Amino acid sequence: MDKRDYYEVLGIKKGASEAEIKSAYRKKAKELHPDLNKDDPKAEDKFKEVQEAYSVLGDENKKKMYDQFGHAGVSGNGPSNPYAGAGGTYTNFDPSDFGFGDIFDSIFGGMGGGFSPFGGGGRSSNRATRGSDILMHLDLDFDEAIYGCEKKFDLDVVEDCPECHGNGGFEKEECSTCRGAGTVTKQQNTILGSFMSKTTCPECNGKGYTYKRRCSECNGKGKVKVNKKITINIPEGINTGDRQRLSGKGNPGVNGGENGDLYIEFIVKKHRYFERDDNDIYIEVPLTLTESILGCKKEIPTLYGNVKINVPQGTNSGDTQRIKGKGVDNKYRHIKGDMYLIFKVYTPNRLTREQKDLIDKLSNTELDTEEIKRFNKFTKENE
């Protein structure tokens with residue numbers, strides 16, 4: 001099945017700014033989160049599609065590759081593509097990985113690794129390579145995101161083996177197959193003729209050396225998995241789509257390369273009454289018929305305790321009122337939002353006899369507004 005265009009997935013145009021991409025992702029993530037769409041059997045797939053789109057468009061280097069090559073540039077099928085699948089784990093783009101040897105390897109890969117008509121040697125695996133980054137999602141309650149909190153969780157971290165110090169073995173010696181070169185020369189017979197080419201040594205994997213004794217602790221890999229308890233402090237005002245980086249907690253590097261990073265992306269759950277839009281808070285305020293007509297003083301809940309406001313007389317459903325500075329105090333972005341009250345007038349459907357009599361008396365008085373008078377006039381003209 002063909003993948004949809006990532007810009008289409010996020011509902012934005014090509015050339016959108018970083019802020020527009022992030023804003024679109026937040027809205028889509030909030031709209032399509034599986035916890036909020038339990039009746040939709042495809043909710044999880046839609047949510048993953050949005051995550052995948054953002055993992056590419058939200059990364060400057062990946063976005064450049066995608067804009068140039070499309071899905072092939074970030075799927076592992078494009079020229080020298082440095083990315084793993086975007087469903088949660090990804091790597092950073094290294095321009096040095098994009099060379100002529102890689103292009104010809106992808107074309108002639110079935111004829112034996114490392115072939116190059118230019119006579120270039122097989123790529124040595126001695127080079128230190130940074131580990132890939134990991135993307136992890138963490139759900140937060142509404143209050144945890146607003147007021148900040150401390151989160152603890154278990155995490156499997158890959159580290160250098162303490163027994164062999166990351167070497168994978170003991171008693172280092174020169175590789176007997178390649179004699180320390182890391183490559184071996186082979187003759188390649190192709191449709192273009194015969195070529196002599198260098199390929200990575202299969203015995204030492206290009207290192208040029210082996211070990212007399214393999215480390216039993218890590219089985220020669222040089223890395224071991226360790227479970228650690230991680231504690232992170234989440235600042236006030238975190239929102240869906242915001243990320244926090246844990247340096248060195250990603251996938252392990254190769255040949256002494258540093259570990260990648262762990263990115264924690266937050267998903268904020270909805271509140272029963274408060275609705276959040278970036279750093280502004282909205283709440284629906286119910287009014288009785290008399291409160292709407294006569295106006296009143298009303299106590300309103302906010303993120304920081306209750307406040308009293310004046311409701312003007314003649315307030316209608318849909319009217320709004322702003323309370324400045326009562327929105328989210330976003331320490332993460334150093335912004336403080338406002339709070340907006342949306343009034344809704346509720347008409348009682350059950351009245352006592354006394355209440356009905358009062359309403360009847362009221363109806364005999366002049367209550368028509370200018371809008372009602374204009375509408376009644378139009379109705380008569382339309383007869």
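Keep in mind that the numbers below use all heavy atoms, side chains included, and drop hydrogens, waters and symmetry copies. Start at 1 with the first residue, then count along the sequence. In this text, all values refer to a predicted model and were calculated from it rather than measured experimentally.
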Stepwise side chain to side chain donor-acceptor pair (under 3.5 Å) check, Y66 with D5 | CA-CA 10 Å; Y66 179 73; D5 179 77; 2.9 Å; yes

Enclosure of [X] [atom1] (heavy-atom neighbours >12, cutoff 6.0 Å):
X	atom1	answer
R214	CZ	no
E60	CD	no
R179	CZ	no
E18	CD	no
E150	CD	yes

Compare all side-chain heavy atoms of [X] with those of [Y] and state whether any distance is below 4.5 angstrom.
X	Y	answer
M136	F153	yes
F266	I234	yes
D156	V226	no
F47	N37	no
K297	I309	no
E144	K269	no
K30	I267	no
E291	T315	no

For the [atom1] atom of [X] and the [atom2] atom of [Y], what is their distance to the nearest 0.5 Å?
X	Y	atom1	atom2	result
D280	D278	CG	CG	7.5 Å
K356	R350	NZ	CZ	11.5 Å
I264	K249	CD1	NZ	11.0 Å
L32	Q51	CG	CD	10.5 Å
K22	L10	NZ	CG	13.0 Å
C218	D160	SG	CG	9.5 Å

Let me check something: do [X] and [Y] share a hydrophobic cluster, defined by ILVMFWY side-chain heavy atoms less than 4.5 Å apart, either directly or through other members?
X	Y	result
V328	Y147	yes
L140	I281	no
I342	M339	no
I232	L155	yes
I335	I146	no

Kindly indicate, with the supporting measurements, whether the criterion salt bridge (Lys or Arg N to Asp or Glu O under 4.0 Å) is fulfilled by R130 and D133.
-> CA-CA 9 Å; R130 181 183 183 276; D133 296 336; 3.0 Å; yes

Side-chain donor-acceptor pair under 3.5 Å between Y273 and E284, yes or no?
-> no

Minimum heavy-atom separation for [X] and [Y], please, with both atom names.
X	Y	result
R243	S55	NH2-CA, 4.4 Å
A24	I12	CB-CG2, 3.5 Å
Y7	K13	CD2-O, 3.6 Å
A16	E20	CA-OE1, 3.2 Å
G11	K28	N-CE, 4.5 Å
T183	C178	O-CB, 3.5 Å

Passes side-chain contact (heavy atoms from CB on, under 4.5 Å), D67 versus M65? Steps please.
-> CA-CA 6 Å; D67 288 344; M65 291 290 289; over 6 Å; no

Please name all residues satisfying side-chain contact (heavy atoms from CB on, under 4.5 Å) with S292, sequence neighbours left out, ordered by chain then number.
-> V345

Does any N or O in the side chain of [X] come within less than 3.5 Å of the main-chain N or O of [Y], such that one atom is a donor and the other an acceptor?
X	Y	answer
D45	K42	no
N330	G337	no
N239	V268	no
D261	G248	yes
D59	N61	yes

Does a side-chain N-to-carboxylate-O contact under 4.0 Å join D329 and K331?
-> yes

Can K324 and D338 be counted as an ion pair, charged N to O under 4.0 angstrom?
-> no

Please assess T240 against R276 for the test side-chain contact (heavy atoms from CB on, under 4.5 Å), listing each intermediate value before the final yes or no.
-> CA-CA 10 Å; T240 294; R276 181 176 179 179; over 6 Å; no

Just do the side-chain contact (heavy atoms from CB on, under 4.5 Å) check on V285 and K298 with the steps written out, would you?
-> CA-CA 9 Å; V285 180; K298 200 167 184 71; 3.8 Å; yes

Test: K172 cationic atom under 6.0 Å from Y209 six-membered ring centre, within 45° of axis = yes

Axial cation check for Y304 ring with K336, 6.0 Å and 45° limits | yes

Stepwise salt bridge (Lys or Arg N to Asp or Glu O under 4.0 Å) test for E171 and R213 | CA-CA 7 Å; E171 299 179 50; R213 292 188 297 116; 3.1 Å; yes

Considering the options K223, K225, K228, K221, which one meets the salt bridge (charged side-chain N to carboxylate O under 4.0 Å, His left out) requirement together with E159?
-> K228

Establish, yes or no, whether a centroid distance under 6.0 Å links the rings of F274 and Y282.
-> no

Verdict with supporting geometry, Y340 and R322, side-chain contact (heavy atoms from CB on, under 4.5 Å) | CA-CA 5 Å; Y340 291 87; R322 183 180 72 147; 3.5 Å; yes

Check step by step if salt bridge (Lys or Arg N to Asp or Glu O under 4.0 Å) holds for E44 and K48.
-> CA-CA 6 Å; E44 187 172 349; K48 286 182 179 178; 3.4 Å; yes

